[in-house]
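Each remark here refers to the structure printed beneath this line.
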Amino acid sequence: MWRRRVGHECSNHLVLWKQLQNDKPLESGSEDGGYTRVQGNSKIAVAWRLMSECFVLDSGVDRHTNINIAQSIVYSCGSNLTRINYSGFYIAVLEKNDEVVCAATVRVHDKNLAEMPYIATTEEYRGQRMAHTLVNHIETVLRRLQVEKLVIPAVEELVGVWINKFGFSPVGDEQSKQELTRYNTVTFYTSVVRLQKNLARVPDLNLGHSIQAPIEIP
């Protein structure tokens, strides 16, 4: 079924952040009926459309299977092949007046590592710190799950932004690179720079805010 976790409202932006995941089909007789599932479907469809508008996704096709990597991530598609097994991904969305204005894909591997391969903001809301707001909420959830590190891929022209404004640093040492391979993080065929953030070493910008619903990721 659709699992939904609602974070706290941000009064300065009047937005809500949510986690969504495409999981098992809704069972008949569920108390949720079909509404929650349909609502979740529509949110993820919007997130996928936003991703497809913001990224050149033709380069994100697996060379051997021709599957669309980004679409498989957004819809949390599993596979018997470890390399293209994208199950376990969540969509974190930021909404304003029930409109999705920013979306990110997140997967928690264990308490040591989580990855966020995609984040996108609608054109109308770019430059309004929506991505900052969503990333802050994602990091808060990861800290409360005691996840130590968040890794992302960044195109070269945006590496400085992620380092200077979001607090990430390059994955430079060989041990860290091998760790990403061992965890089966998403592999990109275009040129990207792997960046990381040690969540235990930076302050939680949402500290003190209440959470309106559980944040555990099943």
Sidechain-backbone polar pair: [X] side chain, [Y] backbone, donor-acceptor under 3.5 Å:
X    : Y    : value
T185 : L180 : yes
H109 : A114 : no
S76  : G88  : yes

By side-chain hydrogen bond (donor to acceptor under 3.5 Å, both in side chains) - contacts of S176 (at least two apart):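 Scan of S176 (side-chain hydrogen bond (donor to acceptor under 3.5 Å, both in side chains), adjacent residues dropped) gives D173.
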Contacts of F168 that satisfy ring-ring contact (aromatic ring centres under 6.0 Å, His included) - sequence neighbours left out: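 Only W162 meet the ring-ring contact (aromatic ring centres under 6.0 Å, His included) criterion with F168.
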Taking side chain as C-beta onward, heavy atoms only, is [X] less than 4.5 Å from [Y]?
X    : Y    : answer
C102 : T122 : no
M51  : V74  : yes
S191 : E156 : yes
M116 : I138 : yes
V108 : L142 : yes

Looking at every heavy atom in both [X] and [Y], which two are closest together, and how far apart are they?
X    : Y    : answer
N184 : R107 : O-NH2, 3.2 Å
V186 : P117 : CG2-CG, 4.3 Å
N85  : S79  : OD1-N, 3.4 Å
V135 : F166 : CG2-CE2, 3.9 Å

Residue list, salt bridge (charged side-chain N to carboxylate O under 4.0 Å, His left out) with R194, at least two apart or on another chain: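 Result, salt bridge (charged side-chain N to carboxylate O under 4.0 Å, His left out) vs R194: none returned.
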Value rounded to 0.5 Å, distance of CD1 in I44 from CZ in R49: 13.5 Å
side-chain contact (heavy atoms from CB on, under 4.5 Å) partner of Q196, the single match among L150, V151, I152: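 Option passing the side-chain contact (heavy atoms from CB on, under 4.5 Å) with Q196: V151.
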Positive for side-chain contact (heavy atoms from CB on, under 4.5 Å) with W48, one of I91, I73, N68: N68
Candidate list K149, Q146, E179, test side chain to side chain donor-acceptor pair (under 3.5 Å), partner N112, passing option: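 Going through K149, Q146, E179 one by one, the side chain to side chain donor-acceptor pair (under 3.5 Å) with N112 is satisfied by E179 alone.
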